[in-house]
Amino acid sequence: MRIVVCVSGGGTNLQAIIDGIADGKIRNTEITAVISNNKGAYALTRAAEAGIDGIVLSPKDYETRDDFNDAFLKKLEELNPDLIVLAGFLVNIPEAVVKAFRGRIINIHPSLIPSFCGVGFYGLKVHEAALARGVKVTGATVHYVDEGTDTGPIILQKAVEVQEGDTPSVLQKRVMEQAEWVILPKAIDMIALETAD
Ligand code: GAR
């Protein structure tokens, strides 16, 4: 299975995928390219170090959002991956991309959907909201991407305990270590095995 991973920041989830392929936890999979909307993303360094092509496609480099959306779709069609993995990609996926790759786009979200998800819930904001609400359990979700924000069918979820004295960044790190870096590679492996059938 050929995958394209889309990133915006640190790329720890990308790293978990690279490591998962290297150590055999993700079978039958290769990363064709990494797309970042942010040319300074550390994720691009991780890609380069693993010998993977890094592509920068930023809405800032286009006159209109439609122009960016067209370029994004064109690039994906050119790469023609079996699966697109959104690993901390903070760009709205254009409807045309969802249509062209229906059932072939997955996203990792740092909460137990349907809690703390939807428009405006990304990165640290998710954990700030979870702590503000006082939940005792949070976690992460891998889901298919549809036209909505975090509304597509759920593939895997994993719960993580909130601990006394947690700050948003402490909680974020625990959710990444205990849930995201586990269920994202696992979901890709599951889909790769289905694809091989
Ligand atoms: C991760 O926690 C991911 O779940 C989150 O952004 C972070 C990216 O970290 N994604 C979202 O909030 C999407 N709504 P990373 O660049 O180190 O993988």
Side-chain angles (χ1 to χ4, degrees), residues 3-21 25-26 31 33-50 52 54-59 72 83-94 97-98 105-133 135 137-160 162 166-188:
I3 69 173
V4 166
V5 184
C6 299
V7 297
S8 297
T12 63
N13 279 287
L14 167 66
Q15 192 67 55
I17 299 168
I18 293 170
D19 295 347
I21 291 172
K25 282 197 186 113
I26 304 175
I31 305 176
V34 168
I35 297 180
S36 174
N37 64 309
N38 168 11
K39 67 174 185 310
Y42 186 66
L44 287 170
T45 305
R46 296 181 190 272
E49 278 170 2
I52 301 162
I55 299 164
V56 177
L57 265 183
S58 168
F72 187 49
L83 187 72
I84 299 165
V85 179
L86 309 182
F89 189 55
L90 304 181
V91 171
N92 259 334
I93 301 303
V97 169
V98 175
I105 313 174
I106 65 171
N107 179 49
I108 177 85
H109 183 77
S111 76
L112 293 174
I113 290 175
S115 290
F116 313 115
C117 65
V119 177
F121 286 97
Y122 57 88
L124 217 50
K125 287 178 194 285
V126 176
H127 305 290
E128 283 165 6
L131 289 176
R133 185 62 185 84
V135 294
V137 174
T138 183
T141 303
V142 181
H143 64 92
Y144 284 106
V145 172
D146 65 9
E147 282 81 354
T149 305
D150 303 329
T151 51
I154 291 170
I155 303 166
L156 287 175
Q157 290 188 303
K158 193 164 188 289
V160 174
V162 177
D166 270 352
T167 62
S169 52
V170 166
L171 183 57
Q172 178 182 51
K173 187 154 183 281
R174 187 178 315 116
V175 168
M176 283 177 157
E177 284 173 357
Q178 294 184 7
E180 297 186 43
W181 303 342
V182 178
I183 63 174
L184 185 57
K186 196 168 168 186
I188 295 168

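Counting convention: from 1, in listed order, for ligands and their atoms alike. Keep in mind the model is a prediction, meaning the values are calculated, not measured.
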### Message
With a 4.0 Å cut-off on heavy atoms, is Gly123 in contact with ligand 1?
### Response
yes

#### Entry: Pairs meeting criterion salt bridge (Lys or Arg N to Asp or Glu O under 4.0 Å) with involvement of residues 137-149, two or more places apart
Arg102-Glu147

### Message
Between His127 and Val170, is the side chain to side chain contact (heavy atoms under 4.5 Å, CB included) condition met? List the steps.
### Response
CA-CA 9 Å; His127 305 290; Val170 166; over 6 Å; no

### Task
Carefully, step by step, assess Trp181 and Asp19 under the rule side chain to side chain contact (heavy atoms under 4.5 Å, CB included).
CA-CA 10 Å; Trp181 303 342; Asp19 295 347; over 6 Å; no

### Task
State whether the shortest distance between N or O atoms of Asn107 and N or O atoms of ligand 1 falls below 3.5 angstrom.
no

### Task
Give the residue, atom name and distance (to 0.1 Å) of the protein heavy atom nearest atom 1 (C) of ligand 1.
Glu180 OE1, 3.1 Å

### Task
Check whether more than 12 heavy atoms from other residues, nucleotides or ligands sit under 6.0 Å from atom OH of Tyr122, and answer yes or no.
no

#### Entry: salt bridge (Lys or Arg N to Asp or Glu O under 4.0 Å) contacts in which one or both residues fall within residues 122-133, not counting sequence neighbours
none

### Query
Non-hydrogen atoms of Phe121 versus ligand 1: any pair closer than 4.0 Å?
yes

### Query
Would one find an N or O of Asn13, backbone or side chain, under 3.5 Å from an N or O of ligand 1?
yes

## Note on the structure
Heavy-atom proximity to atom 16 (O) of ligand 1 ranks first, among Ser8, Gly11, Pro110, Gly9, for Gly11

### Task
If you have a sec, work out which protein heavy atom is nearest atom 6 (O) of ligand 1 and how many Å separate them, to one decimal?
Gly88 CA, 3.8 Å

### Query
In terms of atom number and element, which parts of ligand 1 are under 4.0 angstrom from non-hydrogen atoms of His109?
14 (N)

### Summary
re atom 9 (O) of ligand 1, the protein heavy-atom contact at minimum distance is Met176 CE, 3.4 Å

### Query
Can you tell me if Ile108 has a non-hydrogen atom under 4.0 Å from ligand 1?
yes

### Task
Could you give me the CA-CA distance, side-chain angles and deciding distance for Val126 and Thr138, then say whether side chain to side chain contact (heavy atoms under 4.5 Å, CB included) is met?
CA-CA 10 Å; Val126 176; Thr138 183; 5.8 Å; no

### Query
Going by atom types alone, do Asn38 and Ser8 pair a side-chain donor with an acceptor below 3.5 Å?
no

